[in-house]
Amino acid sequence: MEFPEFAPGMSARVELTVTDADTAQAVGSGDVPVLGTPRILALAEAATVAATARQIPGGITTVGSRAEIEHRAATPLGRRVVAQATLTKVDGRKLLFEVTVHDGDLLVAEVRVERVLLDRQRFIARAMER
């Protein structure tokens, strides 16, 4: 299967208004009612998926293979955060993204995400064999 070509600079953004379901208490990463780190990671990954979604043909997908997160500021309930993902490097089938998450002008988190291009059906079939 032939994989599409991606160029650094591709980007996308996703937004989230923090609810009870997004808190550290709800996701099991702490006992405080603020945006949980796992939810920030999920938001960052959603932004990376959105960045490539327009150019991925049927049968091809990307999966997350590595992530590094720096959670810098707490975000309370009701606040809107924006994750902006930018493709910074392409290394064969590896796509490397830098993601920033902001609450207005406040930098909430920086996330580096690596995704790998692969054949969707083959990936699912291998997972099901286990």
Side-chain angles (χ1 to χ4, degrees):
M1 178 164 280
E2 190 171 319
F3 293 105
E5 298 276 330
F6 292 101
M10 296 175 63
S11 66
R13 61 184 263 160
V14 295
E15 300 179 8
L16 170 75
T17 299
V18 180
T19 68
D20 287 327
D22 304 308
T23 65
Q25 289 171 320
V27 299
S29 67
D31 65 357
V32 289
V34 297
L35 181 61
T37 303
R39 192 64 185 96
I40 287 176
L41 179 57
L43 186 67
E45 284 205 287
T48 66
V49 169
T52 59
R54 294 178 296 271
Q55 289 189 244
I56 289 191
I60 303 291
T61 193
T62 64
V63 295
S65 59
R66 183 177 176 89
E68 180 182 335
I69 185 168
E70 295 177 47
H71 193 164
R72 298 176 176 265
T75 306
L77 291 169
R79 297 294 299 183
R80 183 175 60 94
V81 291
V82 177
Q84 177 75 39
T86 303
L87 179 62
T88 58
K89 183 177 179 184
V90 178
D91 182 11
R93 294 187 308 136
K94 290 181 185 178
L95 306 176
L96 304 165
F97 292 88
E98 297 287 333
V99 185
T100 57
V101 180
H102 283 89
D103 172 358
D105 291 333
L106 178 65
L107 178 63
V108 172
E110 293 179 291
V111 188
R112 282 154 297 288
V113 176
E114 178 182 281
R115 299 191 70 79
V116 178
L117 284 160
L118 48 81
D119 179 299
R120 187 176 191 281
Q121 291 302 324
R122 186 173 174 199
F123 176 80
I124 293 169
R126 282 189 173 171
M128 299 307 282
E129 288 174 0
R130 299 173 51 210

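- Between the CG atom of L95 and the CZ atom of F3 there is a distance of 10.5 Å, given to the nearest 0.5 Å.
- Looking at residues two or more places apart in sequence or on another chain, you find no salt bridge (Lys or Arg N to Asp or Glu O under 4.0 Å) involving E129.
- When hydrophobic clusters are built by joining Ile, Leu, Val, Met, Phe, Trp and Tyr residues whose side-chain heavy atoms come closer than 4.5 Å, directly or via intermediates, F6 is grouped together with F97.
- The same ILVMFWY cluster, assembled from side-chain heavy atoms under 4.5 Å apart, contains both I69 and V14.
- Applying the side chain to side chain contact (heavy atoms under 4.5 Å, CB included) rule to F123 yields the partners V63, L118; only residues at least two apart in sequence or on another chain are considered.
- Residues forming a side chain to side chain donor-acceptor pair (under 3.5 Å) with E15 (at least two apart in sequence, or on another chain): R13, R80.
- With sequence neighbours excluded, no residue forms a side chain to side chain donor-acceptor pair (under 3.5 Å) with T23.
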Indicate every side-chain donor-acceptor pair of residues 101-110 with a distance under 3.5 Å to a residue at least two apart or in another chain.
residue	atom	partner	partner atom	Å
D103	OD1	R79	NE	3.0
D103	OD1	R79	NH2	2.5
D103	OD2	R79	NE	3.2
E110	OE1	R72	NE	3.0
E110	OE1	R72	NH2	2.5

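- Under the rule for a side chain to side chain donor-acceptor pair (under 3.5 Å), the partners of S65 that lie at least two apart in sequence or sit in another chain are E114.
- Applying the salt bridge (Lys or Arg N to Asp or Glu O under 4.0 Å) rule to pairs touching residues 30-41 yields D22-R39, sequence neighbours excluded.
- A pairwise comparison of heavy atoms in P4 and I60 identifies CD-CG2, 4.2 Å as the closest pair.
- Checking L43, T75, T19 one by one against L35, the side chain to side chain contact (heavy atoms under 4.5 Å, CB included) holds for a single residue, T75.
- We find the NZ-OG1 distance between K94 and T62 to be 14.5 Å, quoted to the nearest 0.5 Å.
- When all heavy atoms are compared, the tightest approach of V27 to A21 is CG1-O, 3.8 Å.
- Think of V34 as one node in a network of Ile, Leu, Val, Met, Phe, Trp and Tyr side chains linked at under 4.5 Å; its network also takes in V32.
- The shortest side-chain heavy-atom distance between R66 and R112 does not fall under the 4.5 Å cut-off.
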Distance-only donor-acceptor hits, side chain of residues 44-59, under 3.5 Å, sequence neighbours excluded:
residue	atom	partner	partner atom	Å
E45	OE2	R115	NH1	3.2
T48	OG1	E45	O	2.7
T52	OG1	V49	O	3.3
R54	NH2	S11	O	3.3

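- Not counting sequence neighbours, S29 has no partner by the side chain to side chain donor-acceptor pair (under 3.5 Å) test.
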Donor-acceptor contacts under 3.5 Å from residues 83-92 side chains, at least two apart:
residue	atom	partner	partner atom	Å
T88	OG1	L96	O	3.1

